[in-house]
Amino acid sequence: MYEMTHNQAQTIVDRMMKDIPYNINIMDRTGKIIGSGNKGRIGTLHHGALKAIKQRKIVEINKDEEFVKKGINLPIELNGNIVGVVGISGEVKETRPFGNILKSAVILLINQSIALEKENLKNNLKQEFFSLIINSDTTYTNELMNKALTYGIQLTKPSQILYVVSPNEIAEDITESLSFFKMSKYSLCLVIQEEDKIEALQQTIRNQHPDAFISISKMNDTISEGLWQAKSAMRVLKGIYSNEKTIFYSKCEFIADMSKLQQNDIKPERLAHLLEKNDELITTLQVYLNCNLNANETANRLMIHRNTLNYRLNKIYTITGKDPKNILDLVELIFMLINRIK
């Protein structure tokens with residue numbers, strides 16, 4: 001049987017009393033007040049509610065008595081069970097017209113609350129499942145494989161991961177695919193097992209979130225490996241590329257793998273710290289890399305003079321001790337750009 005909580009009842013009371021000029025009480029199925037315009041009555045027994053529960057009908061009280069106040073009390077019934085009582089304090093002839101309206105509103109709000117709880121449970125179960133399949137230590141048992149089918153995933157079949165990070169909150173209904181999982185308000189993961197769907201899904205996401213970053217893994221036997229690849233590619237995309245919004249792991253596999261080896265190295269982290277507050281130098285370095293170290297093209301794209309570019313590159317050298325014009329130093333600077341992305 002559904003059990004109303006104090007928070008639910010008080011929320012309903014506060015909302016309804018904005019429109020109804022009388023004190024409202026909501027009682028649970030035992031007659032105890034769990035929501036009221038008079039906070040001092042919360043937790044006390046409401047004798048009018050007890051009568052309404054026992055008689056399973058509206059109880060009108062025409063005068064104040066020792067344990068009850070005049071007003072109208074209506075039992076709240078869901079699926080044949082009385083789950084509580086809603087009461088309005090005041091003259092019966094004045095409160096009566098509000099009775100059924102209030103009762104209907106309370107039932108509607110309770111049903112909305114029940115639906116929300118079911119949806120939250122559904123989402124929690126989905127996230128628990130997702131946490132399992134992205135764990136590299138998880139064994140694909142028959143039970144887990146059967147569970148995966150409810151999300152449109154065949155764990156015995158190779159899959160790709162499409163990983164999305166957006167500067168804006170991502171809606172729950174961004175795609176009709178069952179196999180998408182929210183990782184945060186601003187990121188999601190799509191498990192794709194049919195390669196011909198990649199392009200259409202990218203377009204769907206891009207239409208709704210034109211500024212989103214998208215990374216795509218290779219086909220893998222496990223979802224955990226695919227997500228690692230997609231996340232690694234995302235760090236390369238956001239770290240190195242200044243204008244790109246999409247990247248395939250297969251196109252940056254070497255540098256993505258190398259960045260993983262460098263993550264525990266203090267040097268890239270130290271270099272990242274040195275430049276983290278200088279967006280101008282970071283952008284300059286990114287564009288310099290995107291232009292394949294062509295100084296003229298870099299200066300043109302940044303719309304600065306060639307001498308200004310040289311000044312910035314020398315400033316990067318001065319701050320980090322790594323010369324962007326030296327190929328070995330440049331490799332460390334590349335890892336600096338990648339490893340500054342969390």
I'd like to know if the side chain of [X] pairs up with that of [Y] as donor and acceptor (distance under 3.5 Å, no hydrogens or angles considered).
| X | Y | answer |
| --- | --- | --- |
| Gln229 | Asn220 | yes |
| Arg206 | Thr246 | yes |
| Ser113 | Gln8 | yes |
| Glu77 | Asn81 | no |
| Arg41 | Ser36 | no |
| Glu128 | Asn124 | no |

Quick check: do [X] and [Y] have side-chain heavy atoms less than 4.5 Å from each other?
| X | Y | result |
| --- | --- | --- |
| Ile33 | Ile26 | no |
| Leu74 | Val85 | no |
| Lys218 | Gln160 | no |
| Ile42 | Asn25 | no |
| Ile255 | Phe335 | yes |
| Leu289 | Leu337 | yes |
| Gln127 | Phe130 | yes |

Under 6.0 Å from the six-membered ring centre of Phe213 and within 45° of its axis: does the NZ or CZ of Lys245 meet both? yes
Below 30° counts as parallel, above 60° as perpendicular, anything between as tilted: where do the rings of Phe129 and Phe181 land? tilted
Let me see the working for Leu237 and Met234 under side chain to side chain contact (heavy atoms under 4.5 Å, CB included), right down to the final yes or no. CA-CA 5 Å; Leu237 173 63; Met234 180 65 73; 4.3 Å; yes
List the atom pairs, with distances to 0.1 Å, where a side-chain N or O of residues 87-98 and a protein N or O form a donor-acceptor pair under 3.5 Å, not counting sequence neighbours.
from  : atom 1 : to    : atom 2 : distance (Å)
Glu91 : OE2    : Lys70 : NZ     : 2.6
Glu94 : OE1    : Tyr22 : OH     : 3.1
Thr95 : OG1    : Glu91 : O      : 3.1
Thr95 : OG1    : Val92 : O      : 3.3
Arg96 : NE     : Glu60 : OE2    : 2.8
Arg96 : NH2    : Glu60 : OE1    : 3.2

Would you compute the distance between atom CD of Glu3 and atom CD1 of Ile34 and round it to the nearest 0.5 angstrom? 8.5 Å
Of the options Asp323, Asn326, Leu333, which is the one that meets Tyr317 in a side-chain contact (heavy atoms from CB on, under 4.5 Å)? Asp323
Check Ala52 against Asn73 and note the closest heavy-atom contact, atom names and distance. CB-O, 4.2 Å
For a side chain to side chain contact (heavy atoms under 4.5 Å, CB included) check, start with the C-alpha distance between Asn100 and Leu102, then their side-chain angles and the critical distance, and finish with the verdict. CA-CA 5 Å; Asn100 287 327; Leu102 180 57; over 6 Å; no
Would you tabulate the side-chain donor-acceptor contacts of residues 139-147 under 3.5 Å, counting partners in other chains and residues two or more places apart, or write 'none'?
from   : atom 1 : to     : atom 2 : distance (Å)
Tyr140 : OH     : Ile223 : N      : 3.3
Thr141 : OG1    : Leu144 : N      : 3.1
Asn146 : ND2    : Asn142 : O      : 3.2

